[in-house]
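Proteins come first, then strands; the chains are lettered A, B, ... in the order of their sequence lines, and each starts at number 1. Only this structure's heavy atoms are used, side chains among them; waters, hydrogens and symmetry mates stay out.
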Amino acid sequence: MKYDHKKIEKKWQEKWEKQEAHKIADTEQGKKNYYTLVEFPYPSGNLHIGHWYAFAVPDIFARFKRMQGHNVLFPIGFDSFGLPAENAAIKNKVDPEKWTYENIARMTEQLKSMGASFDWSRQFATSDPDYYKWTQWLFLELHKKGLAERGKAIVNWDPVDKTVLANEQVLPDGTAERSGAQVEKKELEQWFLKITDYAERLLEDLGELNWPEEIKQSQREWIGRSEGAEIKFPVDGKYKFVLLHGFKATPSDNFHPWLKKELEKQGHEVVVPLLPNTNEPNEEEWVETVLSATDYDEKTIICGHSLGAVTALKVAEKLQDKIAGITLVGGFIDPRFKDHSRNFENTFKWEFDVRKIKNITGFIKILHDINDIAVSGEQAKRLGKTLGFPVATIEAKDSHFCGTQEPDVLKAIIPSINIFTTRPDTLFGATYLVLSPEHEAVENLKSQISNWDEVFQYIGIAANKPEIERTADNKEKAGVELKGIKAINPANNEEIPIWIADYVLAEYGTGAIMAVPAHDQRDFEFAGKFKLPIKNVIEPVFVQKTEPGKVREGKDFVERDAIIAIVKHWSGDKYIGLKWKQVDWDTLITGGIEEGQTSEEAAVAEIIEETGYRNPKLIKELPCTHSKFFHVPKDENRFAHFSALYFELENGDHDEISLEEKEKHEVVWLTREEMERFRLPESHRFSWNCLFDDMHVYLGDGTLVNSGKFDGMKSEDAKQKITEFVDGKKKTIYRLHDWLISRQRYWGCPIPIVYDPDGIPHPIPEKHLPWLLPKDVDFTPTGEPPLASSEELKKRTEKIFGEGWRPEYDTMDTFVDSSWYFLRYIDPHNEKEFASQEKLKKWMPVERYSGGAEHTTMHLLYSRFFHKALFDLGLVNKKEPYRERLNRGIILGTDGRKMSKRWGNVIDPDEHVKMVGADSVRMYLAFIGPYNAVGHYPWDTGGIAGTRRFLERVWKLQKKIQRPDSSVQCPELERLLHQTVKKVTEDIKNFKFNTAISTLMICVNMLDKQDAIMQSEYKSLLLLLAPFAPYITEELWGRLGLTAENTSIHTQKWPTHDEQKIQEQTFTIAIQVNSKVRDELEVSVEDEREEIEEKAKSLDKVNKWVQDKEIWQIVYIKGKLLNIVTKENS
RNA sequence: GCUGGAGUGGUGGAAUUGGUAUACACGUGCGACUCAAAAUCGCAUGCCUUAUGGCUUGAGGGUUCGAGUCCCUCCUCCAGCACCA
């Protein structure tokens, strides 16, 4: 009978489904639970070959694990929210829900044809309300813990389609994929998940994970930790501060006397007017007093405390000329206090001309005390929102900033720019500041910037530049100086200019940097272009790491002041080098500085001594360097401090060199080119480079110079000391940003939030979950998010929460859905919990997770974060969700290119299944290459015919079962079978399906050579093959007609091997002469080494090569080889 | 540029971790069966050479009796990050 794959596969698929063969229980007697996972698919509508590769191949492992006696959870579902459904809706006017669920139905059928052992009873789609109810519930749990917050974020806005675009809808040139319009930036209030709170743990816990290094490294980079310091640079010198006290206070109350003293100490002018009738204040009187207390100009800063803060705003409304800024300490916007009302409720007007205030002042700073007894956080937030400035929430010394000293107020009151640097040791070399064009200080200092038009223009250019242009390779640096203001370098109190430039990114660090052109490549380029000063503050320290001169461990260093001299020829473009005779190194002229000598004197003395030339003329001094090396002739570790000097010889006059010097080294004249190839130590090389590069950027660590009292300190120590010296803050920052989850889209999980009439967000109570996605939505782009068009949603919200309330219109990023799906598989029908604790404990963590390399950073990082957050909430009991992760490779088209409609090289799996059967397709995919490596494997039509051929041979083998099981087994065959069991078992464990199959092929080739085989032998083969080819093995197993075990092959026990039976009795070993194979020898296990040696020596071929040479040694590796080494060849 | 991974026949890829390089499969060639073709089966197949023999794991060097595997230098490709302070 022929192998009819169509008939067989149909038959067993139906049977398995009817029997619910792959349904698994949460516990099974005597079996250990094992959870293996594959990434669930997006229901795009068609199953492609990539899906087969992703699901059918790991199924081999799941089936294997099951036969080994585990209770294996191997689930499948659909990641069904997302953009394509919505695009289909816009384009073809189909309902996204209908589109999605029709696709799911179609793909389910295709998936079942694979013969994968998925437990379909656990299947779900993330767009099922039963599922997203729990996505919403988990979001609210995170919200409760402060891990979900609102913030401003820039979105891509398509001005033609009037819609927000996802990043993937924007082409690299900054135009919209669909409309072709230039995408604009728009700032919206959106929801963030605070993944940065977990940055450190996400990084740290990578260590213990059994993941490929490649993936861990990618995640480390994505998190991008860097350690450094935040340092404040005060802006400009002198201001006039007008301090306004509050209700029932005077200038001598609270922090005012102290603050006045501190500010005056720094050279600022301070005015603290006494405000009249402090117990019964009146707006007009107070404002009048303040206005007549002093003059106001662009150097004036008004700082109001409590009611003084309100007064400050009222004063601003009345001012004629611009002022520098306003600081509100414990301010408020209406007389709704936490404790009790005050009697100025009616004597002040609680309306503010915000436009006027913002026009007249550069900046507004709002300080709120977290423990304020009178002013609530809510009130502070309202104040910030009304004025449009952020609120800084801090802990005051005394509630409502009533302490006699409030250092935070002092810090906040002086305009300053906060920068982040990883190199605080170079602070003395900071010769200018650079802010990102978006930096808030630019707007805040507007009133003091004299070239505002120019600055404004530059900001406009920078803002509209598409991302790639801004970050393009080797882009020419651009920027504008903020004229009229200066910053103060806090280390040396020098005034330095402030620039804005787009090479500084707003979203990293503080959005501002100190530029140290001498020790940073980018700053160096920028300084070069705009002729900014470059100040060297680090002298390099080179440590010799290679011989000769490699530093000897454990020996003390002898410190020496020394010189390096570069000497140029009197007429040619040649320079002196020294070739050392006793030591294998080349140097420039070098030597120690004696007591009382200047470096120039020492250098001249060395030149004369070592070369004999009499007339060197000092041309210039080069930067100093330091070097740690092992001085071979002196036999000691040296720490040399080099002064480097450049000389030109005036003429060729020279004396004879002493014999002693001649023995030490040879003097050679080298052209510049030859000097490049001269093997100079690093410190000499550095000096040489300095001669030709006008200024040399040195990026490494070293010894400080030009740094006041820190001179001579090592970079490493100076980092901390200088940070402390300028009152900076040690800080660790991450490249990773908070996770923006708001999407202005329809087909996603609704964010379970509603807004009250004041616009304050509130979580939707659990009893209203799932908060359903409305169906009456208009998809034509209007500029509003789609959910805003739903009448039903609006009515639903008002009915439950009251009039004036509105729902959140944004939906969630689909990565949220997929951040916890693996937990739902464990308990997919639970209506009371996202999954029961008891069941979670039974299954988690996922032992092995296989997926695509494209999810290395996003999905894997997001779901790790989610899981850690749930761990902290006590909702899961493991720190990490996945114990082992494997990234699979990609199947390419037959032409070796990525499969794409464009190339016409797309492989249709259904077609191949029809032609050769699912078993052959599965096996071919498993055979194509190692599954546990990210390879790219071209599809080969000949290759798949090969696996089909293999299965045909297995099929035909059944005719050869003609030897009774009681007959004597051929020892060779028996050994091969045991070896096959061992190798296949190990390979499947390691996901090396390709070599497992090749082992099975070897086994079949051997069986095929026999005239007759035993049923037991055939059974072993089928069992080993069962995970790979589930249909054909099930059929063949059935045909064996085994009454006692006439059940599915897939519930049988996995065969085991006997190590004893693998041991061979005789082997062929290689006989080598001088490591070259010359002959082979049959030896038995019992043979002694001496015996084998004697036999080998008597071989003709061996004698031919050994001849009469003396044998030096014989190497014997048991079971492998014997190597006869003769004397001449050793 | 930085980081990680990799480079083996005409092709996909093996190699027990330092021990006979090129398993297994594809492709190709020859043969058998056939009137013929397909399918199937058998044999051959790294390169050079007349058999003997020599060469060969991106290139060069080193360690070793012995290196695809370990060390150094360089080249190429792939992936991630990239003006990240």
Pairwise C1' distance, B:rG19 and B:rA67 [rounded to whole Å]: 10 Å
A:Glu854 has an atom CD; how far is it from atom C1' of B:rC78, in whole Å? 16 Å
Reading nucleotides 42-52 of chain B from 5' to 3' and marking B where a protein heavy atom lies under 4.0 Å of the base, S where only the sugar-phosphate is that close, and - otherwise, the string is ----------S
Between B:rA15 and B:rU20, how many Å separate the two P atoms, rounded to a whole number? 13 Å
Mind checking what makes side-chain contact (heavy atoms from CB on, under 4.5 Å) contact with A:Asn1123, not counting sequence neighbours? A:Gln1072, A:Ser1075, A:Val1115, A:Leu1121, A:Val1125
Considering only the P atoms, how many Å lie between B:rC72 and B:rU11, rounded to the nearest integer? 30 Å
Rounded to whole angstrom units, what separation is found between the CZ atom of A:Phe233 and the P atom of B:rA85? 17 Å
RNA chain B: 5'-proximal contact among A:Arg225 and A:Asp940 (nearest heavy atom): A:Asp940
A:Asn932 atom CG is separated from B:rG13 atom P, nearest whole Å, by 13 Å
Short side-chain donor-acceptor distance under 3.5 Å, A:Thr1126 and A:Asn1074: yes
Say we look at B:rG29 and B:rU34: how far apart would their P atoms be, to the nearest angstrom? 23 Å
Counting only side-chain N and O atoms of A:Tyr937, is one of them less than 4.0 Å from OP1 or OP2 of B:rG12? no
Do the side chains of A:Leu532 and A:Pro497 get nearer than 4.5 Å, heavy atoms only? yes
When both distances are under 3.5 Å in a Watson-Crick or G-U wobble arrangement, the nucleotide paired with B:rG60 is B:rC72
The Watson-Crick or G-U wobble partner of B:rU11, with both key distances under 3.5 Å, is B:rA25
Taking the six-membered ring for Trp, are A:Phe815 and A:Trp739 closer than 6.0 Å centroid to centroid? no
Does B:rG80 have a Watson-Crick or wobble mate here (both distances under 3.5 Å), and if so which one? B:rC2
Examine A:His912 together with A:Trp52 and report whether their ring centres are nearer than 6.0 Å. no
Taking a pair as Watson-Crick or G-U wobble with both distances under 3.5 Å, which nucleotide is matched to B:rC55? B:rG46
Using the P atoms only, state how far B:rA85 lies from B:rG66, rounded to an integer number of Å. 48 Å
Taking ring-ring contact (aromatic ring centres under 6.0 Å, His included) as the test, write out the residues that go with A:His855, two or more places apart. A:His859
Tell me, with the steps shown, if A:Arg864 and A:Glu204 meet salt bridge (charged side-chain N to carboxylate O under 4.0 Å, His left out). CA-CA 12 Å; A:Arg864 286 182 64 218; A:Glu204 213 174 275; over 6 Å; no
Only pairs with both distances under 3.5 Å count, Watson-Crick or wobble alike; so what is the partner of B:rU20 in this structure? none
Can you name the atoms? Protein N/O to nucleotides 79-81 of chain B N/O, anything below 3.5 Å, with the distance.
unit_1, atom_1, unit_2, atom_2, d
B:rG80, N2, A:Glu221, OE1, 3.1
B:rG80, N3, A:Glu221, OE1, 3.4
B:rC81, O3', A:Arg735, NH1, 3.1

As its Watson-Crick or G-U partner within any shown strand, both distances under 3.5 Å, B:rA36 has none
Judged by whether its glycosidic angle lies within 90° of 0, B:rU57 is anti
Review item, nucleotides 17-24 of chain B N/O atoms under 3.5 Å of protein N/O:
unit_1, atom_1, unit_2, atom_2, d
B:rU20, O4, A:Thr1068, O, 2.8

Pair A:Phe526 + A:Tyr432: ring centers closer than 6.0 Å: yes
Measure the distance from CZ on A:Arg949 to P on B:rU40 and round it to the nearest whole Å. 5 Å
To the nearest angstrom, the CZ-P distance between A:Arg948 and B:rA25 comes to 17 Å
Check side-chain contact (heavy atoms from CB on, under 4.5 Å) between A:Glu440 and all other residues, then give those that pass, not counting sequence neighbours. A:Pro390, A:Asn444
From CD of A:Glu525 across to P of B:rC83 the rounded distance in Å is 13 Å
B:rG4 P sits how many Å from A:Arg220 CZ, rounded? 10 Å
Rounded to whole angstrom units, what separation is found between the CG atom of A:Leu1007 and the C1' atom of B:rC41? 17 Å
Decide, for B:rG80, between syn and anti: a glycosidic angle within 90° of 0 counts as syn, anything else as anti. anti
Whichever of A:Thr941 and A:Gln1113 has the more 5' nearest nucleotide on RNA chain B, that residue is A:Thr941
